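What follows is a single structure, written as structure tokens, with notes after it.
All chains are named by letter (A, B, ...) in the order of the sequence lines, taking the proteins before the strands, and each is independently numbered beginning at 1. Just so it is clear, the model here is predicted, and its values are computed rather than measured.
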There are 2 protein chains.
Amino acid sequence: MNLQFSIQPNEKLALRNPESTELGRKIVREGLLLMMELGYEHFTFKKLAEITQTTEASIYRYFENKHRLLLYFLTWYWNLLEFAVLTSIQNIADPTQKIGKVIDILTSPLPDVGEAAGMSKSALQSVAIAESSKVYLVKEVDDINRERLFKPYKDLCARIAALFTELNPAYPYPRSLASTLVEMSQFQPYFKEHLPALTDFAEPKDGKRIADYLNHLVFSSLK
Amino acid sequence: MNLQFSIQPNEKLALRNPESTELGRKIVREGLLLMMELGYEHFTFKKLAEITQTTEASIYRYFENKHRLLLYFLTWYWNLLEFAVLTSIQNIADPTQKIGKVIDILTSPLPDVGEAAGMSKSALQSVAIAESSKVYLVKEVDDINRERLFKPYKDLCARIAALFTELNPAYPYPRSLASTLVEMSQFQPYFKEHLPALTDFAEPKDGKRIADYLNHLVFSSLK
DNA sequence: ACAAAAATGATAGTTGTACTATTATTTTTT
DNA sequence: AAAAAATAATAGTACAACTATCATTTTTGT
């Protein structure tokens, strides 16, 4: 029953596998919290070195730069999400139910299964919501893509797209709908918190939930 | 018939109105092209100063920093979009047709109506696609929002949301659907170009178009 | 248990970004 | 033509994003 979930890290992600040493684990554990606290732009390796009682140079031995560190966090996040999706639907036969479950997972705190190299699951989710776009909205996107570093994100979307096709094989846009779903499961909570005019989820609980919106969106399309 | 469309610039956007001087216009005109070429991260005021044959200090007299300059570009973009939406639907009565027209506008090159302080419309669109998220996915989002600097984006979404409500007054998520539509009209072309696995719009023309996807998405929901 | 190898710490230095300040010169306004 | 405003030229600061060197500590293989 203990489903072992080990990501085979693309070795281009990190210069040295941070999971293999105490310092490496400290860097990613504390680095994640610091990036959540400061935001990607204000986060620096120097500040992280102070917190982890190490030096900038030591951090650079693990990660080429902070963009790679962000990518490392997101790789974990995407892998954990895909894992959560897979395990949660494994005993469900009905595709409608499976998709509902996926939306549930996308809009809930990450389930506490699997290890994440000591990193906080909720911090991973916060960083994913606020920073994930920055990992591919860069000039270097094609180079990074060539290194296969977006594979975990693509795999997650492909997995979800396959469920859409299972429910409705004639639906013509399963992959776009999957990327829309994943992106919006991050943007809508962000908008809800910071730019509520862009959503319908005003704080005084009016019963509307993001999950309901996404369910409506997806199932309307697949109908 | 010449609908004058002048944005009343929030004076917090720029320190000095760049439209009012030759140098100001040059800064935004060349700055836009340079930001498109280099991407937001690699764009600097120093490089822009070289190109415009001026000094860093002079540019800083117009814009506090490059984030404000990006916001300036996007403000124009959002205003131009809203203007295009308004003019294109003004003679249409049928809400279904209006929404179709809006999706058309969101997925086509910006129509060449209105002036944009000498800035290239296609460059505005490119920058909007690749960089717009970076304007609100920052720690300072709440401060910027308090200055009303996201109003043009909210107005655009509100306008679109109103059309959704017009078509189906019972639809519970008009604003989220509007922000989803606007965001996806930018993300899907970006994905199509850089991460095509996340879309269904493979280059060898298979007839599927982003506009068709968005139409299907929106009208399914509003059905 | 010991030598070799690897990782880390301490330190320093480079380049570039993101600004701010000062003063002289040019341009615009009245 | 004088006053005011904008710009150019120049300089300088703080900090980000690295790279390099070498001594020390820790780990690993035998």
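A straight line from NZ of K26(B) to C1' of dA8(D) spans 13 Å, rounded to a whole angstrom. dA6(D) atom P lies 12 Å from atom CG of N17(B), rounded to whole Å. Rounded to a whole Å, the CD atom of E50(A) is 14 Å from the P atom of dA17(D). One can place CD1 of I59(B) at 18 Å from P of dA21(C), the figure rounded to the nearest angstrom. Nucleotide dC19(C) holds its P atom 5 Å from the CG atom of N65(B), rounded to whole Å. Note: CG (L15(B)) to C1' (dT20(C)) measures 13 Å, nearest angstrom. As rounded to whole Å, 14 Å separates atom C1' of dT17(C) from atom CG of L38(B). Rounded to a whole Å, the CZ atom of F45(B) is 9 Å from the P atom of dA18(C).
Note on residues 141-158 of chain A: pairs passing salt bridge (Lys or Arg N to Asp or Glu O under 4.0 Å), not counting sequence neighbours, are R68(A)-E147(A), D143(A)-R146(A), K151(A)-D155(A). The ring pair (Phe, Tyr, Trp, His ring centres under 6.0 Å) analysis of residues 123-147 of chain A, with sequence neighbours excluded, yields the pairs Y136(A)-F191(B). Sequence neighbours left out, not one pair with a member in residues 186-198 of chain B passes salt bridge (Lys or Arg N to Asp or Glu O under 4.0 Å). The salt bridge (Lys or Arg N to Asp or Glu O under 4.0 Å) contacts involving residues 49-60 of chain B comprise nothing, where partners must be two or more places apart or lie in separate chains. Residue pairs meeting the salt bridge (Lys or Arg N to Asp or Glu O under 4.0 Å) criterion with at least one partner in residues 23-45 of chain A, sequence neighbours excluded, are E22(A)-R25(A), E22(A)-R29(A), E41(A)-K134(A).
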Would you tabulate the pairs of protein nitrogen or oxygen atoms and nucleotide nitrogen or oxygen atoms of nucleotides 8-13 of chain C closer than 3.5 angstrom?
from, atom 1, to, atom 2, distance (Å)
dT8(C), OP1, Y62(A), OH, 2.8
dT8(C), OP2, Y62(A), OH, 3.0
dG9(C), OP2, T54(A), OG1, 2.5
dG9(C), OP2, S58(A), OG, 3.3
dG9(C), O6, R61(A), NH2, 3.1

Restricting to nitrogen or oxygen on both sides, can you table the protein-nucleotides 13-16 of chain D pairs closer than 3.5 Å?
none

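Residues forming a side-chain contact (heavy atoms from CB on, under 4.5 Å) with A57(A) (at least two apart in sequence, or on another chain): T55(A), R61(A). Under the rule for a side-chain contact (heavy atoms from CB on, under 4.5 Å), the partners of S88(B) that lie at least two apart in sequence or sit in another chain are K101(B), I105(B). Here R16(B) pairs with nothing under the salt bridge (charged side-chain N to carboxylate O under 4.0 Å, His left out) rule; sequence neighbours left out. Residues that satisfy the side-chain contact (heavy atoms from CB on, under 4.5 Å) test with K139(A), not counting sequence neighbours, are H42(B).
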Between S132(B) and Y77(B), does the side-chain hydrogen bond (donor to acceptor under 3.5 Å, both in side chains) criterion hold? Intermediate values first, please. CA-CA 10 Å; S132(B) 67; Y77(B) 178 72; over 6 Å; no
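Relative to the axis of its first five pairs, the axis of the last five pairs of the helix from dA1(C)-dT30(D) to dT30(C)-dA1(D) sits at 30°, rounded to 10 degrees.
Side-chain atoms of Y213(A) come within 3.5 Å of backbone atoms of S176(B) as a donor-acceptor pair (strictly under, hydrogens ignored).
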